[in-house]
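What follows is a single structure, written as structure tokens, with notes after it.
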Amino acid sequence: MNFKKKLKSRLNIGVIYIIIGLLLISSTFIINTENYFISSFGFTLVVLGIVRIRNYYLITRNEENIRKQEIAETDERNISIINKSKSTTLSIYILLLCITVIILSFFNLHDIASYLAYSVLLFVVIYWICYFIYQKKL
């Protein structure tokens, strides 16, 4: 993929974050509920979208910035660090979710524990599907 197209897709993701965030925030007013989690989550998405858009404009101000960013993102060391960080983060997150399921089960909060367990299961299924797809492609 062309690096400028990649940057443009990141800009589009930022706009999508803002739209989803604003929908979440406005839904709390439309439904007339005081669900602070949903509005806080929506606000966080709006902030993340603004940060993505700001980063896009900082990078694309001139061709030199684009070239430097492309070199930084295609550097093998940086790619290795990113992949190891993602792998470690996801492993720790799954482990914490599993521990949380066990703790919630001890407190007889089986509904919440079930939802978290299903989310872990869904993650593992998606992981294996992606693994087999990439295994055949590469």
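Note: hydrogens, waters and symmetry copies are ignored here, and every other heavy atom, side chains too, is used.
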If every non-hydrogen atom of [X] is compared with every non-hydrogen atom of [Y], which pair is closest and at what distance?
| X | Y | value |
| --- | --- | --- |
| Y56 | L11 | CE2-CD2, 3.6 Å |
| T28 | I25 | OG1-O, 2.6 Å |
| V120 | C98 | CG1-SG, 4.1 Å |

Does the side chain of [X] reach to within under 4.5 Å of the side chain of [Y], using non-hydrogen atoms?
| X | Y | result |
| --- | --- | --- |
| R52 | L48 | no |
| T60 | L7 | yes |
| I99 | I103 | yes |
| Y134 | C130 | yes |

Measuring from [X]:[atom1] to [Y]:[atom2], what's the distance to the nearest 0.5 Å?
| X | Y | atom1 | atom2 | answer |
| --- | --- | --- | --- | --- |
| L122 | I126 | CG | CD1 | 4.0 Å |
| L104 | L97 | CG | CG | 10.0 Å |
| I94 | L121 | CD1 | CG | 10.0 Å |
| K84 | T88 | NZ | OG1 | 8.5 Å |
| F132 | Y127 | CZ | OH | 9.5 Å |

query = Angle class for the F37/F41 ring planes (parallel below 30°, perpendicular above 60°, tilted otherwise)?
reply =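 Correct class here is parallel.
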message = Can you tell whether the side chains of E70 and K6 come within less than 4.0 Å, N to carboxylate O?
response = no
query = Can a salt bridge be assigned to the pair E63 and K4 using a cut-off of 4.0 Å between side-chain N and carboxylate O?
reply =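 The answer is yes: the pair qualifies as a salt bridge.
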